[in-house]
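Here's the structure, in structure tokens; my notes come after.
Convention: sequence-line order gives letters A, B, ...; per-chain numbering from 1.
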Amino acid sequence: MPNIVLTFPDGATKEFPSGITALEVAKSLGPRLAAEALAAKVDGRLVDLSAKLEESAPIQFITPPSPEGLEIYRHSSAHLLAAAVTDLFPDAHPGIGPPTETGFFYDFYRERPFTEDDLKKIEARMQEIVNADVPNERVHLPKEEGKKVFEQMGEFLKCQLIEEKAEPVFSAYRTGKFLDFCRGPHIPSMGRVKAFKLLSVAGAYWKGDEHSHPMQRIYGTAFFSKKDLDDFLAQIEEAKKRDHRRLGKELDLFSIQDDAGPGLIFWHPKGGVIRKEIEDWLRTELLARGYDLVFTPHAMRLHLWETSGHTNFYRENMFGAMDVENDHYQLKPMNCPGHILIYKSRTRSYRDLPLRFAELGTVYRYERSGVMHGLMRVRGFTQDDAHIFCMPDQLESEVQACVEFAFLVLKTFGFDRYQVELSARDPQHSEHYAGTVEEWNLAEGALKNTLERMNIPFKHMPGEAVFYGPKIDVKLVDAIGRPWQLTTVQFDFNLPGRFGLEYAAADGHPHTPVMVHRALLGSIERFFGVLIEHYAGAFPVWLAPVQAIVLPISDKHLGYAREVQEELRRAGVRVQLDDRNEKLNARIRDAQLQKIPFMLVVGEREAQAKAVAVRRRDTGDAGSRPLAQFKEEVRSLIDTRAVKW
RNA sequence: GCCGGCGUAGCUCAGUCGGUAGAGCAUCGGUUUCGUAAACCGAGGGUCAGCGGUUCAAGUCCGCUCGCCGGCUCCA
């Protein structure tokens, strides 16, 4: 039998007899590697340890700390789940079961739903399979014959998958009695699964199609060690504590009221202050960047939305039209048509361009009842919207300015986790898109060039563009790891044409301008939600609804306490006085729970020295200092919009 | 919209087998005047989400509606 040569990641090479398994190779390198390895990567392909190696190739072993290893491990954990479920519930038919960012799930078709109790039983059965170290065996089946095997087992969903996806000879994995149509690879045996937990049951649709079978999805997670699992579970608990819906109530920032309707936000005074600070900052920056501030009506004639194409392309997201004097009016789901009407209100010259119309525009969109989520997904929200009307050769610099602006937003509000995506058209289906190929090439090129020139890593998302143009999206990642889209910069090849927009060019002829639609914060509501979770309610001083609170030791010191409050108030600090008949400790506790940045304890000593004893919400007692000095300190934190101090 | 869970005082929650409503915090009144995370005493507060049904009797059982939560689908 001929020998093969395997090349290891460090460049070393070694000869082995052809047909040796990856596991045997691992063993030859060391028992520890053999015990730890989960799979192997041969010639760039992930394979099982049981794979027979018959050709010379580079080889690498996948071991626990690696992300690839974790993915395989969790995929196998999903099989572990399915093996337990099919064992306990013969009426449950497995669908698909992939690993996810944070764990895995498996979808089952079953008449009766799974209960919390069922989850416990399933977990126990999973543990038994782990304890028995049941092997994961890869088998190869010819398509028709293999399909029959699954048919005999009654697994009609698997048959459907095989029909659609299987190669002429496909692979399947056997774990005890459970057989799954699966590409693999998998860990050699279930004894390798060290720490797992089932988290929840939820509804899903077969293949994500809401007209298809309803499925029951069991979510779980798996880690290489008990400690990692415990850390993850603790992190979920932590995330719950900073859930903006909970903090919104605790800190009295906003509410959603049954009497008013779902998805409609009431900004309470404390949330209102934060919104005002955000908006003030934003307007200052907009003006500094050559934007004009405009305001447009909330409801406009329906025919306007017919012209814009919204009644065709956006109908399912719009509230129903209202009847007004034999006409129909539409609550606006977007601000663009309004801005376009301002553009159209007079003739425009190339000398006017670019025109940048910005509006904190409140829009209303119909969202299906199950999708609302606190501030993150609502039916009425305010976009920090703007439409830039420009000439084609101004595109790149305008886009760059938008992206720079977006990054200033991130920096100003202290965000560090984000993802940038460039959504382009699907070149296979140019019929799905408005505009010419030249326009698209120009626009996509402008977006791509801008990101590259700015050295911003981004994900290319072909086919994700909207029908009227490509876009750049910036997503922020919240406390529970969910990404939320905020910034969007998109081209629009549709509306300028539909509305017949023109400008007089240098050649004296009318030309159609290019339109850029952009929102940086996206929606003020969603942005606020992300902000709350990001800071867990402990806002930077410039945003904190109450920046300092004066706590007199007893009411003998009320007079001085009022002086302190008055002086700080005159300096523009949002300062409260807690003169309640409560012990100092109790008032400190309440101030801490309200996450007020500074507590100013004043008693005899402070009154004598015109001082305040400062307690910071994060590090506690910070000692006494002259009131004038403290005033300077807070002022500077506010003026510099310090995120950390 | 779909699947599942849930809805009791302003908030967080208890309420057994169907027998007529309870705690802590908050609020209000009083006492206490206090040096860095909860003083003490007392009082008020409920259409048990809404509507209908079963029953001698419903917070509890059944149906419908509304809303919330976890997902799916769709999105800023």
Under the 3.5 Å rule, do the base of [N] and the side chain of [X] count as making a donor-acceptor pair?
X	N	result
D555(A)	U33(B)	yes
R615(A)	A37(B)	yes
E367(A)	G1(B)	no

Q | Residues which pass salt bridge (Lys or Arg N to Asp or Glu O under 4.0 Å) with E164(A), listed by chain and number, not counting sequence neighbours | A |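 Checked E164(A) against salt bridge (Lys or Arg N to Asp or Glu O under 4.0 Å); matches are K207(A).
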
Q: Please lay out, stage by stage, how E277(A) and R574(A) fare under the test salt bridge (Lys or Arg N to Asp or Glu O under 4.0 Å).
A: CA-CA 12 Å; E277(A) 290 295 341; R574(A) 292 188 289 270; 2.7 Å; yes

Nearest to the side chain of [X] - [options]?
X	options	result
S369(A)	G1(B), G67(B), U33(B)	G1(B)
P262(A)	U36(B), G1(B), C68(B)	C68(B)
K583(A)	U36(B), U73(B), A39(B)	A39(B)
E606(A)	U33(B), G1(B), G35(B)	G35(B)
V378(A)	G35(B), G67(B), A76(B)	A76(B)
K556(A)	A76(B), C34(B), G35(B)	C34(B)

Give [X] one of three labels, base, sugar-phosphate or nothing, depending on what nucleic acid heavy atoms sit under 4.0 Å from its own.
X	value
P113(A)	sugar-phosphate
A519(A)	nothing
I553(A)	base
R217(A)	sugar-phosphate
Q216(A)	nothing
R587(A)	nothing
Q485(A)	sugar-phosphate
A591(A)	nothing
Q257(A)	nothing

(Q) With the criterion set at under 5.5 Å between ring centres and under 30 degrees between planes, would G71(B) be stacked on Y219(A)? (A)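 Taking the rule of under 5.5 Å and under 30°, the ring of Y219(A) does not stack on G71(B).
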
Spacing of the [atom1] atoms in [M] and [N] (rounded, Å):
N	M	atom1	answer
C69(B)	A49(B)	C1'	15 Å
G10(B)	U54(B)	P	31 Å
G24(B)	C40(B)	P	12 Å
U8(B)	A58(B)	C1'	14 Å

Atom-pair distance ([atom1] on [X]; [atom2] on [N]), nearest Å:
X	N	atom1	atom2	answer
R245(A)	C68(B)	CZ	C1'	9 Å
D117(A)	G5(B)	CG	P	13 Å
E464(A)	C74(B)	CD	P	10 Å
I588(A)	A37(B)	CD1	P	6 Å
L375(A)	C69(B)	CG	C1'	16 Å
M372(A)	A76(B)	CE	C1'	15 Å
K475(A)	C75(B)	NZ	P	10 Å
D243(A)	G70(B)	CG	C1'	12 Å

Q) When you measure from every atom of RNA chain B, which of residues 196-209 of chain A have a heavy atom less than 4.0 Å away? A)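 Within residues 196-209 of chain A, the residues near RNA chain B are A202(A), G203(A), A204(A), Y205(A), G208(A).
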
Taking only nitrogen or oxygen atoms into account, show me every contact under 3.5 Å that the protein makes with nucleotides 23-31 of chain B, one pair per line with its distance.
unit_1, atom_1, unit_2, atom_2, d
U31(B), O4, N581(A), ND2, 2.9

Evaluate the ring planes of [X] and [Y], with Trp represented by its six-membered ring, and classify them as parallel (under 30°), tilted (30 to 60°) or perpendicular (over 60°).
X	Y	value
H387(A)	F389(A)	tilted
W267(A)	F528(A)	parallel
Y364(A)	F319(A)	perpendicular

Q) For Y291(A), which residues count as a side chain to side chain contact (heavy atoms under 4.5 Å, CB included) partner, sequence neighbours excluded? A)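 Once residues adjacent in sequence are excluded, the partners of Y291(A) under the side chain to side chain contact (heavy atoms under 4.5 Å, CB included) criterion are L286(A), R289(A), R356(A), A358(A), A386(A), I388(A), C402(A), F405(A), R518(A).
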
Q: Kindly determine whether W281(A) and F413(A) satisfy ring pair (Phe, Tyr, Trp, His ring centres under 6.0 Å), including the steps that lead there.
A: CA-CA 11 Å; W281(A) 174 81; F413(A) 292 93; 5.4 Å; yes

Q: Enumerate, in order of first residue number, the stems that involve RNA chain B, defined as 3 or more consecutive Watson-Crick or G-U wobble pairs with both distances under 3.5 Å.
A: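 Stems found: B:1-7 with B:66-72, B:10-13 with B:22-25, B:27-31 with B:39-43, B:49-53 with B:61-65.
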
Q.
Looking at R315(A), I want to see if its CZ is surrounded by more than 12 non-hydrogen atoms of other residues, nucleotides or ligands under 6.0 Å.
A.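 Not more than 12 within 6.0 Å, no.
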
Q: Check the surroundings of atom CZ in R580(A): do more than 12 heavy atoms from other residues, nucleotides or ligands lie under 6.0 Å from it?
A: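 Count over threshold, so yes.
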
Q | Residues in side-chain hydrogen bond (donor to acceptor under 3.5 Å, both in side chains) contact with S423(A), at least two apart in sequence or another chain | A |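 Scan of S423(A) (side-chain hydrogen bond (donor to acceptor under 3.5 Å, both in side chains), adjacent residues dropped) gives none.
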
Does [X] pair with [Y] as a salt bridge, N-O distance under 4.0 Å?
X	Y	answer
R110(A)	D91(A)	yes
E633(A)	R625(A)	yes
E316(A)	R368(A)	no

Q | Distance under 6.0 Å and angle within 45° of ring axis: R74(A) vs F104(A) | A |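 Checked: cation-pi criterion not met.
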
